[in-house]
There are 4 protein chains.
Amino acid sequence: MRADAVRTRKALVAAAAEVFARSGADATVAEIAARAGIGKGTVFRHFPTKDDLLAAIVGDAVDELVAKAEHLVGHEDALREFMQLTAALLAGNRVLFDALDRVGADHRPQVRAQVDRLAAVAERVVAPARDAGVIRADVRGLDVVQLTCGAHHAAAPLAAVEPDVGQRYVDFVFAGLRAS
Amino acid sequence: MRADAVRTRKALVAAAAEVFARSGADATVAEIAARAGIGKGTVFRHFPTKDDLLAAIVGDAVDELVAKAEHLVGHEDALREFMQLTAALLAGNRVLFDALDRVGADHRPQVRAQVDRLAAVAERVVAPARDAGVIRADVRGLDVVQLTCGAHHAAAPLAAVEPDVGQRYVDFVFAGLRAS
Amino acid sequence: MRADAVRTRKALVAAAAEVFARSGADATVAEIAARAGIGKGTVFRHFPTKDDLLAAIVGDAVDELVAKAEHLVGHEDALREFMQLTAALLAGNRVLFDALDRVGADHRPQVRAQVDRLAAVAERVVAPARDAGVIRADVRGLDVVQLTCGAHHAAAPLAAVEPDVGQRYVDFVFAGLRAS
Amino acid sequence: MRADAVRTRKALVAAAAEVFARSGADATVAEIAARAGIGKGTVFRHFPTKDDLLAAIVGDAVDELVAKAEHLVGHEDALREFMQLTAALLAGNRVLFDALDRVGADHRPQVRAQVDRLAAVAERVVAPARDAGVIRADVRGLDVVQLTCGAHHAAAPLAAVEPDVGQRYVDFVFAGLRAS
DNA sequence: GATGAATGAGTATTCATTCAT
DNA sequence: GATGAATGAATACTCATTCAT
């Protein structure tokens, strides 16, 4: 790719990540283009449809989360760390939240695929703890992802007045997963 | 208010409750008016804006939940029952879910007020258990409402393939609230 | 229908007929609305889609043509008169021309139906002459419609410099249909 | 012009001829460039605008038709052969059809000039027959071109279900030109 | 000389709200 | 008092053309 195209694409992806993170999947292409300082047409040159751009941004976020999660596999306390890591990313990225939020409801196959990737790595994190009997036997990776997302969802509106509510809620949910 | 106006209003509220419950806050005024068998203009005569109508419907749903919750106060296992009751209502009423779901993000003060009422009764439910040391000391009524909503949120997309996922997730969260 | 709606609809249909006649099926809804002195939204209140409006306008033109053609059935020289009548209407109505022009290519079922109606009445006009051996045996109603449309098509670009070219071309084609 | 530029231009013209023939004047510059294996910018280096390219391709097609028509001049049955030849070329070349089809409506002077060349050779074909009294006295070369194009236009939408409709319609028109 | 990256005007449709009937 | 007719802002995507690389 040419140097100028690389620059433009970087600016576009950064702008899209920021705008999507702030406004969610409903952000308009016009706003993203303006934020990136490029024309609307240029957005479509790099990503044929808005959904492709969305999937790329969500994919980047999932990539980051998956990469970090890989390092947790096998760790003591890996599950709690994974949940807190996930919640932290969700807190800074509304579109990732939107994506996880709509598993099954969302008909965009590319976004759906990202959620599956995340559920897969979550399963690798949760499996050892489950096999060891530390957490309940019926907890799958997808459950962890969904519940962490739910905890974030519950915490988000309160974060302005209680900064650590996200961590607190994740702790509640984590505690609830442990074998009794 | 004249008797016919009362009848019209009743039909409108019933139609709005049904349509909002099914389609969520995005339901159109036109659909509600058609369902009520009245004109769109009449909707706006009774409620100045769509948000006012929305708040009234959410208020009714919250009234119902609050009334049921009142009866639970003092019961053994009141908290679990409250959470399951709330989750069940959320599952059957998309607009209630939407409303609770968007606390904070939603700038509609009237909707916000309903959540506060719900948090208040939840606090009355949770206080005895907390004082008795059965659940964690830092759990307030609002936390219970938010987390129950989060559990439902997490479960909703999976409900189609796993019907009892809602109950399972509420159980997880409930377990997480207990004092360790 | 209310009196004001009737007025608006009339203005809309008149404007659409004029604009479609001048600019063909590619005319924009915005132009039609402006011409009618109404808002774009009002167009869609009366006709759910642009194609519905288009079909209505084409339908009106076909209605007119069909009604006039009915009177010709059985007349001496009915076929020639039908062809000249059709050509005259086409000359004043670009969208009717567009509609006939795209039989088979046009995927709009409502427009297609109008062409079928026209072919049907043309068949009633042509059948007696064909049965009487005055015109060739392989000439169907649809052929007459298509060929008249073709004659107009051929004539249209020259009409500015040779006003009666349309009639002349229709005469050529009519002569070509006669049994040799 | 350098040798490589000549090669590029040849590839471009060949690609444009093919794509325009298949897709008509609405074909995109991008598709033509891709087909030619060159960049879009290069297209505009050789032809300042898309219309210039279009005119060149139409000009080539007209050249071909004119050359073939030259050989018909003086032949017995030259007019019928010219009309069938023209119709056959139109059937296989959508852009030629588009160009002839829009004479007058089309404001592109370069395209218009090609039609004039075609009308001129048609006149040379038709003049002997007209002077001999075989065809009507008021038939000029331009009429033949226009009517043949109209016949093809009339036939085109039906060609899918009746393959030889084009020939049939041309025969009708040819018959119509004969002196009665 | 060649490339292809960037541009941005143009368009059908929805829906909360207002106001003439 | 009730109606529903009218409004118009808001949004994704295409493609001929220009110009930096």
Side-chain angles (χ1 to χ4, degrees), chain A residues 1-9 11-12 26-33 36-53, chain B residues 1-2 4-5 8 12 26-34 37-54, chain C residues 1-9 11-12 26-33 36-53, chain D residues 1-2 4-5 8 12 26-34 37-54:
Chain A
M1 207 181 328
R2 256 165 49 177
D4 54 351
V6 171
R7 265 199 311 278
T8 301
R9 191 188 182 95
L12 167 56
D26 289 339
T28 69
V29 171
E31 186 185 356
I32 292 170
I38 64 179
K40 271 181 303 184
T42 310
V43 175
F44 291 97
R45 149 164 283 276
H46 287 271
F47 298 91
T49 71
K50 180 186 171 182
D51 280 351
D52 290 322
L53 174 58
Chain B
M1 202 183 328
R2 276 171 25 179
D4 58 346
T8 299
L12 167 55
D26 288 339
T28 70
V29 172
E31 187 185 356
I32 292 169
I38 63 178
K40 272 183 299 184
T42 310
V43 174
F44 288 93
R45 168 166 299 277
H46 288 273
F47 298 91
T49 72
K50 180 186 173 183
D51 279 351
D52 290 319
L53 174 57
L54 195 62
Chain C
M1 207 182 329
R2 256 166 49 178
D4 55 351
V6 171
R7 266 199 310 277
T8 302
R9 191 189 182 94
L12 167 56
D26 288 340
T28 69
V29 172
E31 186 185 358
I32 292 169
I38 62 179
K40 271 181 302 184
T42 309
V43 175
F44 290 96
R45 150 164 282 276
H46 288 272
F47 298 91
T49 71
K50 179 186 171 181
D51 279 351
D52 290 321
L53 174 57
Chain D
M1 203 180 331
R2 279 171 22 180
D4 56 350
T8 299
L12 166 56
D26 288 339
T28 68
V29 173
E31 187 185 356
I32 292 168
I38 63 179
K40 272 182 299 184
T42 310
V43 175
F44 289 93
R45 168 167 299 278
H46 288 274
F47 299 90
T49 71
K50 181 185 171 182
D51 279 350
D52 290 319
L53 174 57
L54 195 62

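The shown structure was predicted, so the numbers you read here are calculated from the model rather than taken from an experiment.
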Applying side-chain contact (heavy atoms from CB on, under 4.5 Å), run through D:Ile32 and D:Leu53 and close with a yes or a no.
CA-CA 10 Å; D:Ile32 292 168; D:Leu53 174 57; 4.2 Å; yes

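Separation of atoms CG (D:Asp26) and CD (D:Glu31) is listed at 11.0 Å; rounding is to 0.5 Å.
Straight-line distance from the CG atom of D:Leu54 to the C1' atom of F:dA16: 13 Å, rounded to whole Å. We find that CG of C:Asp52 is positioned 12 Å from C1' of E:dT13, with the value rounded to whole Å. For B:Leu12 and F:dG1, the CG to C1' distance is 15 Å, given to the nearest whole Å. Whole-Å rounding puts the B:Asp26 CG to E:dT14 P distance at 15 Å. Between D:Glu31 atom CD and E:dG4 atom P the separation is 17 Å, expressed in whole Å. Rounded to an integer number of Å, the gap from B:Leu53 CG to E:dA16 C1' is 12 Å. Distance, B:Phe47 CZ to E:dA16 P: 16 Å, rounded to whole Å. Note: CD1 (B:Ile32) to C1' (F:dT3) measures 17 Å, nearest angstrom.
In this model, the phosphate group of F:dA6 is approached by a side-chain N or O of C:His46 to a distance below 4.0 Å at OP1 or OP2.
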Could you write out DNA chain F as a dot-bracket string, with dots for unpaired bases, | for bases paired across to another strand, and Watson-Crick or G-U pairs counted at under 3.5 Å?
.||||||||||||||||||||

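Residue B:Thr28 places its side chain closer to E:dA16 than to any other of E:dG1, E:dA12, E:dA16.
For the pair A:Val43 and B:Ala30, both in contact range of DNA chain E, the more 5′-proximal nearest nucleotide belongs to A:Val43. Residues A:Thr42 and D:Thr8 both approach DNA chain E. Their nearest nucleotides, taken by heavy-atom distance, put D:Thr8 toward the 5′ side.
Here the closest non-hydrogen pair linking C:Ala11 and C:Ala36 is O-CB, 3.7 Å.
Listed by chain and number, the residues in a salt bridge (charged side-chain N to carboxylate O under 4.0 Å, His left out) with A:Arg7 amount to none (sequence neighbours excluded).
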Check: residues 38-49 of chain C side-chain donor-acceptor pairs under 3.5 Å, at least two apart:
unit_1  : atom_1 : unit_2  : atom_2 : d
C:Thr49 : OG1    : C:Asp51 : N      : 3.3
C:Thr49 : OG1    : C:Asp52 : N      : 3.1
C:Thr49 : OG1    : C:Asp52 : OD2    : 3.0

At a cut-off of 3.5 Å, list every protein nitrogen or oxygen paired with a nitrogen or oxygen from nucleotides 17-21 of chain F, distance to 0.1 Å.
unit_1 : atom_1 : unit_2  : atom_2 : d
F:dT17 : OP2    : D:Lys50 : N      : 3.0

